[in-house]
Amino acid sequence: MTGVLVVLAVAGALGVAVLGARQRKNLREMERHKEALGRTLARLEHIERAFQRFAPLEVVEKFAQGEAAHEPEYRDVTVMFADLQGFTPLSERIEPRVMVDMLNGYFRAMNRALAEHHGHLSRMMGDGLMALFGAFDHNPWQAADAVRAALSMRSALEEYNRTLAERGLPKLAFGIGINQGRAVAGVMGSDKLMEFTVIGDAVNLAARVEGLTRTLGVEILVTEAVRHALDHRFLVRRMPATAVKGKVEPVVTFAVDSFDENSTAS
Amino acid sequence: MAVLLGDLEWMDQPLVAETSDPEWEEEVISVFGGVPGCLRRTAAVPWLRRAYFDLSRTPTPSLSLAEFELAGFVTAQENACRYCYGVARTRMRMLGFTEEMVERIERSAQLAEADPEERELVRFCRNLARSKPRPSREARKTLESVGYSPRQTVELAWVTAAASFCNRVSTLLAMPPEYAMERDTPKRNLWDKLKSWLPRGAPPVPDPPVYPAPTATGILGELVGVLEGTPAAAVLEGTVQACFNTSALPRRTICLVFAVISHTLGSSLCAKAAAEALDAEGFPRPALDDVLRTLGSRELDNVERRLLPWARDTVWLPEQPKRIQEKTLPLTSLGDRTLLEAVGVAALANSCVRLAMLLE
């Protein structure tokens with residue numbers, strides 16, 4: 001009888017030990033899965049945050065939650081095009097590595113100036129860029145922000161040119177065109193490549209105005225719609241009306257020279 | 001999407017010094033049992049310290065304590081306020097939320113797994129705090145469709161607006177986090193876990209602030225009216241009146257800050273109230289139009305010229321609070337008192353405009 005009890009006790013103890021070991025193993029397994037889930041979530045959040053640079057928050061969140069694509073809509077936006085002038089012939093004379101390095105430094109400096117004034121770098125096209133103001137968030141001061149960003153970009157380029165000169169590299173020069181108007185904003189592209197951007201006449205005109213900076217020999221050129229949103233603190237010059245592709249009437253533009261915070265000029 | 005506590009960049013140096021006022025501290029201690037740093041650093045401006053104190057303890061009878069804390073917690077996280085986020089997180093843990101539960105709430109990627117009531121509460125408060133754009137009537141309906149009553153919706157909007165006020169004040173002044181309190185976060189051992197199954201009384205609730213009955217007249221009276229029947233109505237009316245009537249900033253400067261913030265967020269109700277108040281101050285309408293069109297006007301004085309572009313930047317706090325703190329830093333040259341007043345006015349305007357979504 002005692003022998004049977006001992007055997008039963010040993011068997012019971014063994015059973016408990018085996019169950020305990022299995023339990024511990026399961027707990028370790030669960031802990032590992034939990035950690036892996038935590039890492040995956042952290043990565044997902046990192047990706048979501050990174051995507052906020054490319055599209056408005058609500059668009060990113062909809063995509064992240066697997067909801068239907070963002071409905072395109074009309075938005076009042078200010079569009080800026082900036083293009084390096086004379087960079088293509090220049091790029092043929094310098095090493096590709098140096099050229100890319102020069103461009104990267106330029107884009108970094110421009111992006112800082114844009115972000116400082118509520119702008120978003122929307123697209124880079126070779127040595128050119130398109131920036132948007134008011135496309136991501138409601139911004140009643142988008143036109144003035146764009147012009148102040150352009151002036152900051154001009155200062156940033158001067159600064160950048162000094163560093164290029166120190167390295168024995170040629171100076172860069174650019175032209176900036178800015179227009180304000182209604183455009184369709186949404187996620188566009190194919191299933192392979194998509195972007196949040198704006199399209200419409202207002203965008204085309206901004207690009208044409210940027211092209212006019214070469215013709216008119218100025219750095220920063222804005223349309224009448226933008227000029228209307230600027231106050232006495234901006235020093236602007238009216239330029240001769242010029243014909244542009246896609247417009248029946250010649251377009252009136254204004255060159256922007258400076259911004260003086262404390263100006264009291266009439 | 002909001003950043004987690006440990007990832008927030010926060011200025012090391014607060015932008016204003018602490019002020020010692022024994023009488024004030026005694027009052028705070030009688031309610032909270034101690035004086036948090038935020039109530040010491042705002043102590044130099046009576047209306048501001050009172051607003052911070054009262055907005056954070058206004059009762060919300062239609063909400064459970066957990067809902068109240070949850071709303072404040074997600075608002076603090078959404079506003080990226082290191083100070084309030086740390087305090088709110090600790091309070092959640094003290095209330096019995098496990099670390100796992102808190103993490104699930106603060107990680108938006110896991111929101112889909114939450115139950116509908118919690119998910120919609122978190123969404124509503126986050127969207128209202130963020131206001132990019134402000135939640136619409138539709139958002140209120142969604143909240144009601146998962147079981148929240150209209151009164152609860154109003155009180156959730158109030159908690160979000162009130163928390164947003166405290167978040168902005170703390171962020172803009174770079175309030176040093178309450179590290180000591182955060183370190184005291186309860187570590188739950190086996191006994192605590194077992195104890196949580198036992199019935200227990202509700203944690204102590206601080207005494208409510210005392211205000212005269214609201215009249216829903218005067219500036220932003222409509223906004224007070226929408227809170228009718230809740231304790232928040234009297235607190236909001238008292239706070240707005242104290243701000244407009246006792247601030248050391250000129251009344252027209254306060255109105256201009258309200259006008260700029262209302263315009264940025266597109267609140268016609270608050271913009272109209274600010275414009276009418278500016279009319280009463282004799283501020284020319286064309287000059288206001290200039291301000292709303294360009295953020296500048298020849299009519300502005302030197303302080304207003306500096307405050308208005310900054311006020312506009314307080315509407316959508318950046319992902320990293322250090323950026324707005326760096327923009328606020330130059331305003332310290334105006335002196336502690338003026339900076340505190342400006343921060344308080346901007347914070348109150350932001351909260352009122354968010355609350356106005358209940359009427360717009």
Side-chain angles (χ1 to χ4, degrees), chain A residues 30-31 34 37-53 56-67 73 75-76 112 115-118 134 136-145 147-148 226-234 259-266, chain B residues 1-4 6-7 78 99-100 103-104 106-113 119 123 126-127 130-135 259-267 271 286-287 289-302 305-306 308-309 311-313 315-316 318-320 323 326-327:
Chain A
M30 265 173 66
E31 203 53 45
K34 221 170 90 182
L37 180 65
R39 280 196 300 274
T40 309
L41 282 170
R43 273 174 51 197
L44 179 62
E45 283 166 359
H46 177 75
I47 292 168
E48 273 189 50
R49 262 201 294 280
F51 267 94
Q52 281 175 51
R53 289 178 219 141
L57 187 57
E58 70 264 26
V59 177
V60 176
E61 284 191 343
K62 274 192 174 177
F63 270 99
Q65 286 157 19
E67 290 177 22
E73 60 183 13
R75 285 192 188 183
D76 288 319
R112 270 197 297 274
E116 186 59 27
H117 294 282
H118 306 271
F136 282 42
D137 310 317
H138 170 68
N139 178 355
W141 298 287
Q142 51 181 265
D145 280 343
V147 177
R148 290 195 65 184
V226 174
R227 166 71 189 94
H228 179 70
L230 305 180
D231 65 10
H232 64 282
R233 294 171 297 174
F234 291 89
F259 172 79
D260 178 2
E261 187 79 60
N262 300 312
S263 170
T264 51
S266 54
Chain B
M1 71 160 300
V3 178
L4 297 177
D7 297 329
E78 194 60 47
E99 187 60 29
E100 288 78 12
E103 275 182 19
R104 199 191 63 221
E106 63 192 352
R107 287 185 176 278
S108 61
Q110 280 178 291
L111 192 57
E113 321 315 323
R119 188 174 60 231
R123 266 192 188 157
R126 279 196 193 287
N127 288 342
R130 181 191 304 165
S131 285
K132 268 188 172 184
R134 275 186 315 162
V260 164
I261 289 171
S262 307
H263 190 56
T264 309
L265 269 170
S267 166
D289 292 342
D290 278 348
V291 168
L292 298 184
R293 193 171 56 85
T294 66
L295 275 177
S297 163
R298 287 189 188 84
E299 294 287 333
L300 300 182
D301 64 29
N302 287 335
R305 232 171 258 152
R306 294 179 66 184
L308 298 189
R312 167 258 181 122
D313 281 329
V315 171
W316 292 302
E319 189 179 276
Q320 286 301 348
R323 280 184 52 203
E326 283 165 352
K327 283 190 176 182

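All values below come from the heavy atoms of this structure, side chains included, with hydrogens, waters and symmetry mates left out. The chains referred to below are lettered A, B, ... by the order of the sequence lines, with proteins before strands, and numbering in each begins at 1.
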Query raised in the report: Do the side chains of B:K327 and A:E116 get nearer than 4.5 Å, heavy atoms only?
Result: yes

**Report entry** Pairing residues for B:T294 by the side-chain contact (heavy atoms from CB on, under 4.5 Å) criterion, not counting sequence neighbours
**Finding:** A:D231, A:R233

Report summary line: Taken to the nearest 0.5 Å, the spacing of B:W316 CH2 from A:H118 NE2 works out to 9.5 Å

**Report entry** Contact origin within A:Q142 toward chain B - heavy atom pairs under 4.5 Å
**Finding:** neither

Query raised in the report: What pair of heavy atoms forms the shortest contact from A:H138 to B:T264, and how long is it?
Result: CD2-O, 2.8 Å

Query raised in the report: If every non-hydrogen atom of A:W141 is compared with every non-hydrogen atom of B:L292, which pair is closest and at what distance?
Result: NE1-O, 3.1 Å

Query raised in the report: Which answer fits B:V260, side chain, backbone, both or neither, if we ask what part of it has an atom under 4.5 Å from a heavy atom of chain A?
Result: both

Query raised in the report: Looking at B:D313, B:L300, B:V315, which one has more heavy-atom pairs under 4.5 Å with chain A than the rest?
Result: B:D313

Query raised in the report: Among all residues two or more places apart in sequence or in another chain, which pass the side chain to side chain donor-acceptor pair (under 3.5 Å) test with A:R227?
Result: none

**Report entry** B:R306, CZ: over 12 other non-hydrogen atoms inside 6.0 angstrom
**Finding:** yes

